[in-house]
Amino acid sequence: MYRELALKSVKLSVSGRGMVYVCLYALASSMYIIFSPLSIVYINMVVLSLLAIVTSILSDKKTLHQYLSVLILSGMRKRSIFFCIRTYISVRIIPLALVYTICFSYLNLYLVAIVTDIIFVLFTLYSAYPIYKVFK
Amino acid sequence: MRRIVAIVRNVWKYYSISGRMIAVLKNVNLHVYRGEIVCIHGPSGAGKTTLLKILAGLERPDQGEVIVDGYNLTLLDDDGLASLRTNVVSYIPQDYGLIDDLTVYENIEIPLMIVGLGGEERRSRIHGLLEYMGLLGRENVKVKHLSGGEKQRVAIARALAVTPSLLLADEPTANLDWENAKKVLEMILRISKDFETSIVIVSHDPRVLEYAHRKYLMYDGVLKEAS
Ligand SMILES: Nc1ncnc2c1ncn2[C@@H]1O[C@H](COP(=O)(O)OP(=O)(O)OP(=O)(O)O)[C@@H](O)[C@H]1O
Ligand SMILES: [Mg+2]
C-alpha cells in the first residue's frame with residue numbers, strides 16, 4: 001500500500017503546475033550562486049527556496065486539498081497521510097536540493113551544501129502537519 | 001426484526017461562530033435499518049451535513065452516542081474512525097470527493113489501495129464497479145472532463161469500492177438537472193436492493209423524498225421523523 005500511494009503522491013506532485021515553478025527557481029538561483037559567490041547570497045537563496053516550495057504548494061492547493069480529502073474519506077490513518085504529504089513535498093524539494101548541492105560543491109562549500117540539505121529534510125518533516133491542517 | 005445498521009442517540013453538536021457557541025445539532029435521534037434508504041430533508045444551514053459527517057466519523061458529537069454496524073463511534077480514537085471508513089461507512093461529499101487531475105480509474109483505485117488489495121484484484125473490482133455504474137469506456141478520462149452526472153456516479157463508485165454497510169450521500173442531486181438526478185437516484189435505489197446497503201441521503205430537494213423508504217425533516221438543528 002505504501003509503495004503504491006507513494007507513487008500516486010509522486011505523480012500528483014510532478015504533474016502539478018508548482019513543479020515547473022520550483023524547477024525554474026532552482027535554475028535561476030543556481031546562476032545567482034555561481035556568479036555572486038557571497039555568503040549573504042547563499043543564505044538568501046536558501047531562504048527564498050523554502051518560499052518557492054511554499055508558493056509551489058499553494059499553486060496546487062486545489063489538487064492537494066482533493067487528494068487529502070480522498071485519503072481521509074477512504075479511511076487512511078493520519079500517520080499514513082503524513083507519509084503521502086512528505087512524499088509530495090520531497091518531490092518538490094529534490095530539484096532544489098540537487099541544484100544547490102551541485103552549486104555549493106562546485107564552489108568547494110561542502111559544509112554549506114550539507115547544512116542546506118539538512119534544512120530541506122527538516123522542512124519536509126515538519127511541514128507535513130501544517131499542510132495537513134490547512135489543506136484537509 | 002429488521003437489523004439496525006446505524007443509531008444516533010441524543011446527539012448535540014456545537015460550533016463556535018464568532019466567539020459564541022451555537023448548537024448546530026440539538027438532541028438528534030435517528031436510526032437506519034439494513035438495506036433501507038433514509039432521506040433527510042431540510043433547508044440550508046439546518047445541520048444536515050454536520051449530521052452526515054458525524055455518522056462518517058469525520059466529526060465528533062459533543063454529547064450523545066453514535067453506533068454504526070455495532071461500533072460505538074464515540075469510543076473510537078482517530079485511527080479507529082479511519083478504519084471504520086475503510087470498511088463500514090462511505091461518505092460522498094457534496095463536491096463529489098474526487099481528484100480532478102486523476103482519471104476515473106485512478107480515483108476509484110485509491111480506497112482499494114488503502115485496504116491493501118493487489119493490482120489484479122483491483123482491476124477486476126474496478127471493472128465490475130464501472131460496469132455496474134454504466135461508466136465502462138470512461139475509465140481513462142480525467143475527472144475534470146466529466147459531466148456532473150458522471151462525476152456523481154464515479155463518486156458513488158469510489159464510495160462503493162469497499163462495499164460499505166452504510167452509504168452517506170450529501171446532496172447527490174444538487175448540481176444536476178432533474179433527468180440526471182433521477183438516474184442517480186434510481187442507481188441509489190438499485191444499490192440498496194442489490195447489496196442491502198443502508199443509504200442516508202441528505203437533500204433540500206423535496207422530489208428526492210419519493211425515493212426514500214423513510215423520511216426525516218431537519219430544521220435548525222432539530223430532526224423529526226416524517227410520516
Ligand atoms: N466547521 C464549522 N465551524 C463553524 N460552523 C460550522 C462549521 N460547519 C458547519 N457550521 C455551521 O453549522 C450550521 C449547519 O451547517 P451544515 O453544513 O450542517 O448545514 P446544511 O444543513 O448541510 O446546509 P446546506 O444545505 O447549505 O449544505 C451552519 O450554520 C454552519 O455555518
Ligand atoms: Mg450541507
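Below, each value reflects all heavy atoms present in this structure, side chains not excepted, and no hydrogens, waters or symmetry copies. Each chain gets a letter, A, B and so on, in the order its sequence line appears, and its residues count up from 1. What you are looking at is a predicted structure, and each value in this text was computed from that prediction instead of being measured.
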Counting heavy-atom pairs under 4.5 angstrom with chain A, the leader among B:Gly119, B:Ala56, B:Ala82 is B:Ala82
Roughly how far, to the nearest 0.5 Å, is CE of B:Met113 from CG of A:Leu7?
7.5 Å
Between CG of A:Leu64 and CD1 of B:Ile99, what distance do you get to the nearest 0.5 Å?
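Result: 10.0 Å between the selected atoms.
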Could you have a look at A:Leu71, A:Val70, A:Leu5, A:Leu73 and say which one has the most heavy-atom pairs with chain B under 4.5 angstrom?
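When all of A:Leu71, A:Val70, A:Leu5, A:Leu73 are compared, A:Leu73 has the most.
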Is it the side chain or the backbone of B:Leu102 that comes within 4.5 Å of chain A heavy atoms, both, or neither?
side chain
Which bit of B:Leu58 comes within less than 4.5 Å of chain A, counting heavy atoms only: side chain, backbone, both or neither?
side chain
What pairs with B:Ser147 under side-chain hydrogen bond (donor to acceptor under 3.5 Å, both in side chains), at least two apart in sequence or on another chain?
B:Glu150
Against chain B, label A:Leu12 side chain, backbone, both or neither, depending on which of its atoms sit under 4.5 Å from a heavy atom there.
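Contact with chain B involves the side chain of A:Leu12 alone.
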Atom pairs, donor to acceptor, chain B/chain A, distance under 3.5 Å:
residue, atom, partner, partner atom, Å
B:Arg85, NE, A:Ile72, O, 2.8
B:Asp100, N, A:Gln66, OE1, 2.9
B:Asp100, OD2, A:Lys62, NZ, 3.1
B:Asp100, OD2, A:Gln66, NE2, 3.0
B:Asp101, OD2, A:Thr63, OG1, 2.9
B:Glu106, O, A:Lys8, NZ, 3.4
B:Glu106, OE1, A:Lys11, NZ, 3.2
B:Glu106, OE2, A:Lys11, NZ, 2.4
B:Glu109, OE1, A:Lys8, NZ, 2.9
B:Arg122, NH1, A:Glu4, OE1, 3.2
B:Arg122, NH1, A:Glu4, OE2, 3.0
B:Arg122, NH2, A:Glu4, OE2, 3.1

Partners passing ring pair (Phe, Tyr, Trp, His ring centres under 6.0 Å) against B:His31 (at least two apart in sequence or in another chain)
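Partners of B:His31 by the ring pair (Phe, Tyr, Trp, His ring centres under 6.0 Å) criterion, ordered by chain and then number, come out as B:Tyr33.
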Under the side-chain contact (heavy atoms from CB on, under 4.5 Å) test, residues paired with A:Val14 that sit two or more places apart:
A:Val10, A:Val91
